[in-house]
Amino acid sequence: VAETQRIGDYLIQRLQALGVNHVFGVPGDYALGFFDLVENSELQLVNTCDEQGAGFAADAYARLRGLGVVCVTYCVGGLKIANTTAGAFAERSPVVVISGGPGTNERSRDAMLHHMVRTFDTQHLVFQQLTVASTVLSDPDTALLEIDRVLMAALRFKQPVYIELPRDRVLTPARSFHRVWEETDSDPEAVEAAVGEAVERLRGARQPVILAGELLHRFGLQEELFDLLDRTNIPFAATLLSKSVVEEDHPRYLGVYAGGMSRDEVRAYIESSDCLLNLGAQMTDITLGIYTARLTRRNTIIAHPEHVTVGYHRFQDVPLTEFVRGLCGAEIPRRPDDPVPNPVAPAPFDPATGQAVTVQRFFQAINAFIDDRTVVLADPGDALLGGMDLVIGRNQNFISPAYYTSLGFAVPGALGAQCAAPDLRPLVLVGDGAFQMTGVELSTIARYGLNPIVVVLNNRGYGTERPMLDGPFNDVLNWRYSRLPELLGKGVGCEVRTEHELAAALERARADTGTFHLIEVNLDPDDLSPGLRRLTTALAGRIR
Ligand SMILES: Cc1ncc(C[n+]2csc(CCOP(=O)(O)OP(=O)(O)O)c2C)c(N)n1
Ligand SMILES: [Mg+2]
């Protein structure tokens, strides 16, 4: 049955139906019509200071809610979120990029419209590289079908998509056909064979272990994972990218595995396993500890979104979802309750008066501070590497771009995370270098009355890079970070040098939920977390 609807209305209605309540973005004349439509819909518009902030916010939102939306104007806005969209693609976060564009009636051959680059297609061509599906809604006959096709691709692949809406098409009536799109390529016989072979391996294994990957979370398979862990009692680890896919105080949890960057006991346990079941962990160089990991393909079962390998056998058309469900339904003998090397449980932080804060003590303080209502957002840098050893007690409460590692994620990420999950209080761990890139989004946080705790680790520059190759290019200007709330007219700022001051600042922030807190922690420029030290040593060998 065909019915008629305006293209912009249909897009909004579909996003709402898919669980989206917020749209992050910055308007411009090519997008104003659509912004107006969003403003007058039930979706809440969140105006960021910069487009990159909106892109990161939408990514964090998507990680918590299953879909995020960023809306921008043509090229000047769109090209600024090429980077955030690339990150969402690499780390499988389903973000819908909506860009305004020149009207179909304006796209005449030699028109030189403002914001245009080479041709009218330039931005679309760029985003074809960065998304899993894309469309320009110029034709009303296909526009609604195109919206469905592209949104389904975002949900199916858990990757970003691009929708360009020419400004004269927002209110154009179009016909809807209610066509249902195929969900997956799945071959039931291949699924059965893959599950069968994997189960056989697991039964025969002396020391099986599960690597629980981020894709379990992205594909909504956490309940299945919990069930599998409970039933089989197989010990498991996470990766930096999947950290907190299962709560980290689980009795069978080993910790974060990252090759030579992992704690020694985790590394030894995983690398001596004769059957490593990798469920949706992408084998990035970071996961592999810059290729220091000693894993053999022969002993590994890997479940990808669309195929499975068991040792050297590859099973095509076996979706992750069906493979995991197959394992859940299979007879796998229960492992004994033998002791496994769990992460060190956080001890109460006992601050020493007058003692300067070190990186190691900083993370001990944070470990003692976080609770189940905290969602930690860690920017790449020592915030992430030091954050590796935090014990996150509730699943999905640690978010970091741990593969694409674009600096500047965490502050705008907190904006997205708190819109997505208002019952959580974000704790942002961000380096001074990264803060100078997107910290301006604290303004958006102030504007919308949010209350994250933002900790700036001030080590006077790009600490991560110094051990690899140092020079003045690794210095940044020493801002008075804690004065920012004054400038914004909202929030509480403070500067911390000693353990005592740190503990007091954290407790003040905990007690005051009415506004955001910015805590600047002064650190020695040469002080690094143990994880970061191991990483930079591995990386240094690759520079020259
Ligand atoms: C957008 C972006 N630019 C540059 C880099 C390269 N880079 C990686 S770590 C780093 C230094 C980060 O400094 P800071 O945020 O202060 O954290 P720290 O290393 O001091 O802990 C840089 C520049 C990057 N990852 N992302
Ligand atoms: Mg720094």
Side-chain angles (χ1 to χ4, degrees), residues 7-8 11-12 15 22-39 43 45-62 68-89 95-131 134-138 150 160-171 404 406-409 411-413 415-416 434 436-444 447:
I7 295 173
L11 180 52
I12 289 172
L15 293 171
H22 297 76
V23 172
F24 303 90
V26 179
D29 62 338
Y30 292 110
L32 274 174
F34 186 65
F35 269 78
D36 188 47
L37 219 52
V38 172
E39 192 71 69
L43 291 176
L45 199 55
V46 180
N47 271 92
T48 56
C49 298
D50 185 72
E51 284 83 355
Q52 201 178 209
F56 284 138
D59 180 342
Y61 190 93
V69 181
V70 51
C71 189
V72 292
T73 193
Y74 186 57
C75 292
V76 290
L79 294 176
K80 275 209 249 173
I81 55 167
N83 181 53
T84 62
T85 308
F89 186 90
V95 172
V96 182
V97 174
I98 300 173
S99 174
T104 52
N105 55 357
E106 304 173 88
R107 300 192 188 211
S108 76
R109 250 164 69 100
D110 20 291
M112 282 180 74
L113 301 185
H114 63 285
H115 303 343
M116 198 177 146
V117 186
R118 184 186 295 249
T119 66
F120 288 111
D121 278 348
T122 304
Q123 181 175 273
H124 183 205
L125 290 170
V126 168
F127 275 86
Q128 280 179 350
Q129 294 293 314
L130 307 174
T131 57
S134 64
T135 188
V136 181
L137 302 177
S138 12
V150 165
V161 294
Y162 174 82
I163 297 175
E164 185 174 318
L165 185 49
R167 60 173 155 186
D168 63 342
R169 285 291 176 246
V170 178
L171 303 179
Y404 188 65
S406 178
L407 293 173
F409 177 91
V411 172
L415 169 67
Q436 293 196 6
M437 295 183 181
T438 57
V440 67
E441 299 304 345
L442 268 184
S443 165
T444 315
R447 172 171 168 181

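For the numbers below, each heavy atom of this structure counts, side chains included, while hydrogens, waters and symmetry mates do not.
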What heavy-atom pair brings Ala434 and Gly408 nearest, and what distance separates the two atoms?
-> CB-N, 3.8 Å
Are Thr444 and Cys49 side-chain neighbours, meaning at least one heavy-atom pair lies under 4.5 Å?
-> yes
Residues forming a ring-ring contact (aromatic ring centres under 6.0 Å, His included) with Tyr61, sequence neighbours excluded | His22, Phe24
Residue pair Val170, Leu37: steps toward the side chain to side chain contact (heavy atoms under 4.5 Å, CB included) verdict = CA-CA 9 Å; Val170 178; Leu37 219 52; 3.6 Å; yes
Indicate yes or no: at least one non-hydrogen side-chain atom of Pro412 is less than 4.5 angstrom from one of Thr48.
-> no
Sub-4.5 Å side-chain heavy-atom contact between Val46 and Val23 = no
Let me see the working for Val69 and Val95 under side chain to side chain contact (heavy atoms under 4.5 Å, CB included), right down to the final yes or no.
-> CA-CA 6 Å; Val69 181; Val95 172; over 6 Å; no
Within the side chain of Tyr74, is there an N or O that forms a donor-acceptor pair under 3.5 Å with the backbone of Phe120?
-> yes
side-chain contact (heavy atoms from CB on, under 4.5 Å), paired with Thr85, selected from Asp59, Val97, Val70 = Val97
Would a distance-only check, ignoring hydrogens and angles, find a side-chain to backbone donor-acceptor pair under 3.5 Å from Asn47 to Val26?
-> no
Kindly give the heavy-atom pair with the smallest separation between Phe409 and Ala60, and that separation in Å.
-> CZ-CB, 4.2 Å
Which pair of non-hydrogen atoms, one from Leu130 and one from Pro160, has the smallest distance, and what is that distance?
-> O-CG, 3.6 Å
With a cut-off of 6.0 Å (strictly less than), are more than 12 heavy atoms of other residues, nucleotides or ligands near CD of Gln129?
-> no
Using a 4.5 Å cut-off on heavy atoms from C-beta on, say whether the side chain of Thr122 contacts that of Phe127.
-> no
Residue pair Ser134 / His124: nearest heavy atoms and the distance that separates them = OG-NE2, 2.9 Å
Do the side chains of Leu79 and Val126 get nearer than 4.5 Å, heavy atoms only?
-> yes
With the threshold set at 4.0 Å, does a side-chain nitrogen-carboxylate oxygen contact exist between Glu164 and Arg107?
-> yes
Is there side-chain contact between Leu15 and Ile98, with heavy atoms separated by less than 4.5 Å?
-> yes
Partners passing side-chain hydrogen bond (donor to acceptor under 3.5 Å, both in side chains) against Ser138 (at least two apart in sequence or in another chain) = none
Mind running side chain to side chain contact (heavy atoms under 4.5 Å, CB included) on Gln52 and Lys80 for me, showing each step along the way?
-> CA-CA 6 Å; Gln52 201 178 209; Lys80 275 209 249 173; 5.5 Å; no
State, to 0.1 Å, how close Leu11 and Phe34 come at their nearest heavy-atom pair, and which atoms those are.
-> CD2-CZ, 3.8 Å
Rounded to the nearest 0.5 Å, the CD1 atom of Ile12 sits from the CD1 atom of Ile7 at a distance of 12.5 Å
Okay, side chain of Thr135, backbone of Leu137: is any donor-acceptor separation there less than 3.5 Å?
-> no
In Å and rounded to the nearest 0.5 Å, what is the OG1 to CG distance from Thr119 to Leu125?
-> 6.0 Å
Do Tyr30 and Val76 have side chains that get closer than 4.5 Å, going by heavy atoms?
-> no
How close do Asn83 and Tyr404 get, heavy atom to heavy atom, and via which atoms?
-> OD1-OH, 2.8 Å
Under 3.5 Å, is there a donor-acceptor pair between the side chain of Gln123 and the main chain of Cys75?
-> yes
Would you give the length of the straight line joining atom CD of Glu51 to atom OG1 of Thr84, rounded to the nearest 0.5 angstrom?
-> 10.0 Å
Classify the side-chain pair His115/Thr73 by whether it contains a donor and acceptor separated by less than 3.5 Å.
-> no
Test item: side-chain donor near acceptor, Thr438 and Glu441, under 3.5 Å | no
Quick one: salt bridge (Lys or Arg N to Asp or Glu O under 4.0 Å) partners of Asp29, sequence neighbours excluded?
-> Arg167
